[in-house]
Amino acid sequence: MTIPADLAKPTLLGEYSYELHPVERGYANRTLYINLDDNTIREKPVTQQMKDLFTGGRGFALKLLWDAVTPETKWDDPQNELVIANGPICGITAYPGSGKSTVVFLSPLTQNVVDCNVGGYFAPFLKFSGFDALEIQGKADDDVVIFIDGDTGKVTIERDSLEEVDSHQIANVLTERFGGSEDKGKRAISVLSAGQASDYVRIGMVNCSWYDVRRKEARLKQAARGGPGRVFRDKKIKAIVVRFSDMGGDKNGVVDMPLIRKAGQRINKEIADLDDKQNQMRKVGTANIVEVMDHFDLLPTHNYRYGSHPDTHKIDSKVWKESFTQGLPDGCWLGCTMSCSHGVDHFPLKTGPYAGQCVLVDGPEYENAAGLGSNIGNFDAQKLLELNFYCDTYGIDSISFANCVAFAMECYEEGYLTKEHTGGLELNFSNGGAVGLELIHQMARGEGFGVIVGQGVRYMKELFVREYGADPKFLHDIGMEIKGMEISEYLTKESLAQQGGFGLATKGPQHDEAWLIFMDQVQNLLPTFKDKAEALHYFPMWRTWFSLHGLCKLPWNDISPENNKQTKEPAKVEEHVENYAWIHQGVTGKPTVPQDLLDQSERVYNFQKVFAIRMGRVGRKHDYPPYRAMGPVTAAEYESRQDRYDEQLQRLVEINPAGLSTQEKMAHLRKYREGQYEQLVDAVYQRRGWDANSIPTPEKLHELGIDLPELLEVVEQAKKKI
Ligand code: SF4
């Protein structure tokens, strides 16, 4: 692509100088506001009330977005913001997994507020440069690069039509431009970017970089869920760069470093001693569970029809362990001894604009292996890696991509789509890898059927019914999205608690909120509705806490103390919860017990729930998964696990399946399972302090100390709409 000379030269559009000062007790005590409509740049103070009610990270980001939008604001209005926040613990290096950014915005997929998180160095560098959050409103006329220079105390907006269009290039080019040619300078840079597909598809995501000194290359992590990349590009942001050169382990202004070190030493020893015997995160990362999921019939296969496949061994952890370059420190933030961000080096691409080049593939993580593998019928590891690479560099959420492609494939196989609709493509699961690659390149070029697929499952459902005469009921049953967001890569048919974990998640069905499959289905630790409701209260609250502080969830429970199984509630990993109380106290100086952490989360969790209601999501109807997440939709699904389902009909539904047709048996099972889900929903609402219409009660808001007039008004108005 040739760019006209006048556009190719960066042009300064806005500039702002600020005073550098050290972080105090985890806070920079101000946020940065940028408006791309008129290139305003200014800082906002962080008040004590903001800290008390919203803590930091996701809490701050939600509060800033709440103040910026109205109930009428749409995702592509200039008022919508992209808010990127860190959190008070973010940036410490003595405890693993402390470098996460949380990204909050109104989503093009859910038409509501979404948060997602990402590793890489951006969040800590943003704080050490002077800001607890970055808020970007408005839309630029041409592509811009925003540069936050924590070395000199200057923020600039430059019009900059870089020749590079994809994240693996943009990250490297800007790392060198702002960091210089030496490793030391490059290590001080982190770049946010989205690739060319984010110009066209709503499932677009944002990459966050860090410079890998061993590989001499920028690495990428993804803020993926809900379409942040589409918002990023809709604002014409080409990249956001932060520079902070004076990095050290003491930048967070902590009160009690020995207490933080005590927690860090405890977990680092466990990782060193036990990781090899437990999950091997340091060798294979989250992809260690592919074969485990397959074994328990939980691996989404062919659009979640099935939970296992005979060819899974071709994409399981052994394959990735051999593919990953071993022995490198693969932490996505300094001090992360869990070091799970593995990559495949020198991977030769065969398709697309970079065919013939050897590239670094960041991943695959479990979600990529399952989504870009079994769920679209692809058991070719090379094609999976190629899809992984292009999802990342084009700026496409791999989970959403997988579900969208799988949905389109099933529609094609069921006869709702023909080659006329798909531009000649045969969308069969038997050809999943090749089909996926063709569609992904179409998304990047902004042409063909791929662009329709990239608008999300909900969009396709409506289009196929409206334009192609598809059966709305069937499409509703098989479209694996809730609230407009595609479901994470776990088959939930046999776990009622996990159905609720996805269905009742405020932002949409993302596994970072609740992951209860093992507790519920495999270990049978949640036998009653009360048990399930308690878990669906505790774990979402607990997991929310990581995003308030800029922490990675993985070191919490992907490594366990040796005696964890002997503790009262092993799933909570109580020793690690205690670690987090210690590091919170160590950073902020506030005496902290675990319940304090849950209280922080519950405030923000309920605030986010009220925010979603304010944006129009009122009523329990939004909290239901498609039936495919609950049970067999087609006769082929039922008959593939007939013994299991027949036994359940007999034992649980008290119906003798003998002599019944498959359709009759499916109808009985469905009635039973949908009834169970209704009971679960009621139990969870009650436990969370919400009414039967999924609205937090005024009493609950009062109990949490967030009974602010604007929140109470939202819940009162919502009740009138029911
Ligand atoms: S555990 Fe993995 S994903 Fe989490 S911070 Fe460490 S390297 Fe990054």
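All values below were derived from every heavy atom in this structure, side-chain atoms included, with hydrogens, water molecules and symmetry-related copies excluded.
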Aromatic Tyr27 / basic Lys51 pairing, under 6.0 angstrom, 45° off normal:
yes
Begin from the C-alpha positions of Asp115 and Thr102 and carry the test side chain to side chain donor-acceptor pair (under 3.5 Å) through to its verdict.
CA-CA 7 Å; Asp115 66 278; Thr102 296; over 6 Å; no
Might you confirm whether atom CZ of Arg187 has over 12 heavy atoms from other residues, nucleotides or ligands at distances under 6.0 Å?
no
Please step through side chain to side chain donor-acceptor pair (under 3.5 Å) for the pair Arg233 and Ser198, ending with a clear verdict.
CA-CA 6 Å; Arg233 290 299 298 141; Ser198 274; over 6 Å; no
Pro78 versus Gln137, closest heavy-atom pair with distance:
O-CG, 3.4 Å
Rounded to the nearest 0.5 Å, what's the gap from CG on Leu20 to OG1 on Thr152? Could you check?
7.0 Å
Report the C-alpha separation of Asp166 and Tyr354 in whole Å, then their side-chain angles, then the decisive distance to 0.1 Å, and conclude whether the side-chain contact (heavy atoms from CB on, under 4.5 Å) test is met.
CA-CA 11 Å; Asp166 289 322; Tyr354 310 110; 2.5 Å; yes
Starting at OG1 of Thr55, measure out to CG of Leu548 and round the result to the nearest 0.5 Å.
5.0 Å
Establish, yes or no, whether the cationic atom of Arg219 lies under 6.0 Å from the six-membered ring centre of Tyr211 and within 45° of the ring axis.
no
Look at the side chain of Asp132 and the backbone N and O of Asn29, then say whether any donor-acceptor pair between them is shorter than 3.5 Å.
yes
Non-hydrogen atoms of Gly508 and Ala505 that approach each other most closely:
O-CB, 3.2 Å
Any donor-acceptor pair under 3.5 Å from Asn288 side chain to Gln280 backbone:
no
Short question: side chain of Lys283, backbone of Gln326 - any donor-acceptor pair under 3.5 Å?
no
In the structure I gave you, are the side-chain heavy atoms of Ile84 and Leu192 within less than 4.5 Å of one another anywhere?
yes
So, does Thr393 use its side chain to make a donor-acceptor pair with the main chain of Ser167 at under 3.5 Å?
yes
Report yes or no: does Asn172 contribute a side-chain atom to a donor-acceptor pair with the main-chain N or O of Ala218 at less than 3.5 Å?
yes
Please say whether more than 12 non-hydrogen atoms of neighbouring residues, nucleotides or ligands are located less than 6.0 Å from CZ in Arg25.
no
side-chain contact (heavy atoms from CB on, under 4.5 Å) evaluation trace for Phe389 with Ile440:
CA-CA 11 Å; Phe389 172 80; Ile440 206 168; over 6 Å; no
Can you name the one residue among Lys507, His511, Glu486 that meets side-chain contact (heavy atoms from CB on, under 4.5 Å) with Arg225?
Glu486
Around atom CD of Gln79, are there more than 12 heavy atoms from other residues, nucleotides or ligands closer than 6.0 Å?
yes
Can you tell me how the ring of Trp333 sits relative to the ring of Tyr121, calling it parallel under 30°, perpendicular over 60° and tilted otherwise?
perpendicular
Any side-chain to backbone donor/acceptor pair from Lys100 onto Ala123? Under 3.5 Å, distance only.
no
Check this for me: does any side-chain nitrogen of one of Asp558 and Lys553 sit under 4.0 Å from a carboxylate oxygen of the other?
yes
Taking 4.0 angstrom as the limit, do Asp330 and Arg215 come out as a salt bridge?
yes
Considering only NZ, NE, NH1 and NH2 on the basic side and carboxylate oxygens on the acidic side, decide whether Glu365 and Lys221 come within less than 4.0 Å.
yes
Ionic contact status for Asp234 with Lys139, cut-off 4.0 Å
yes
Do side-chain atoms of Asn268 reach the backbone of Gly264 as a donor and acceptor pair under 3.5 angstrom?
yes
CG of Asp362 to CD of Glu217, rounded to nearest 0.5 Å, is 8.5 Å
Using the rule given for side chain to side chain donor-acceptor pair (under 3.5 Å), can you reason through Tyr605 versus Glu513, listing the C-alpha separation, both sets of side-chain angles and the distance that settles it, and then say yes or no?
CA-CA 10 Å; Tyr605 194 87; Glu513 174 155 331; 2.3 Å; yes
State whether Lys216 and Asp183 are salt-bridged, where the test is any N-O pair (Lys NZ or Arg NE/NH1/NH2 against Asp/Glu carboxylate O) under 4.0 Å.
yes
Do other residues, nucleotides or ligands put more than 12 heavy atoms under 6.0 Å from the NZ atom of Lys154?
no
Nearest heavy atoms of Pro96 and Ile271, plus distance in Å:
CG-CD1, 4.1 Å
Can a salt bridge be assigned to the pair Arg159 and Asp141 using a cut-off of 4.0 Å between side-chain N and carboxylate O?
no
Check: Gly138 main-chain N/O paired with Lys235 side-chain donor or acceptor under 3.5 Å:
yes
Measure across Ala369 and Pro364 and return the closest heavy-atom pair with its distance rounded to 0.1 Å.
N-CB, 4.2 Å
Exam field: side chain Ser400 to backbone Asp397, donor-acceptor pair closer than 3.5 Å
no
Does the distance from a Lys or Arg side-chain N to an Asp or Glu carboxylate O, for Asp149 and Arg243, drop under 4.0 Å?
yes
For residues Cys208 and Gly119, report the shortest heavy-atom separation together with the two atoms involved.
SG-O, 3.2 Å
To the nearest 0.5 Å, how far apart are CD in Glu270 and CG in Asp275?
11.5 Å
Taking Ile34 as the fixed residue, which of Thr40, Ile41, Ile240, Ile237 is the one that meets the side-chain contact (heavy atoms from CB on, under 4.5 Å) rule?
Ile41
Ring centroid separation for Phe607 and Phe54, is it under 6.0 angstrom?
yes
Nearest heavy-atom pair of Tyr200 and Arg445: which atoms, and what distance?
CE1-C, 3.9 Å
What orientation do His549 and Trp545 show, parallel under 30°, tilted 30 to 60°, or perpendicular over 60°?
tilted
Could you go step by step and tell me if Leu162 and Asp143 meet the side-chain contact (heavy atoms from CB on, under 4.5 Å) rule?
CA-CA 8 Å; Leu162 288 169; Asp143 283 352; over 6 Å; no
Val344 backbone acceptor or donor facing Ser323 side chain under 3.5 Å
no
Reported CD-to-CG distance for the pair Glu135 and Leu64, which is rounded to 0.5 angstrom:
4.5 Å
N-O pairing of Asp160 and Arg177 below 4.0 Å:
yes
Are Ile170 and Lys238 close enough that some pair of their side-chain heavy atoms sits under 4.5 Å apart?
yes
Say you draw a straight line from CZ of Arg230 to CZ of Phe105; how long is it, rounded to the nearest 0.5 Å?
12.5 Å
Between Trp66 and Phe611, what is the ring plane arrangement, given parallel below 30°, perpendicular above 60°, and tilted in between?
perpendicular
Give the intermediate values and the outcome of side chain to side chain donor-acceptor pair (under 3.5 Å) for residues Ser547 and Asn117.
CA-CA 7 Å; Ser547 67; Asn117 64 72; over 6 Å; no
Got a sec, which pairs hit ring-ring contact (aromatic ring centres under 6.0 Å, His included) with one end in residues 216-247, sequence neighbours left out?
Phe128-Phe244
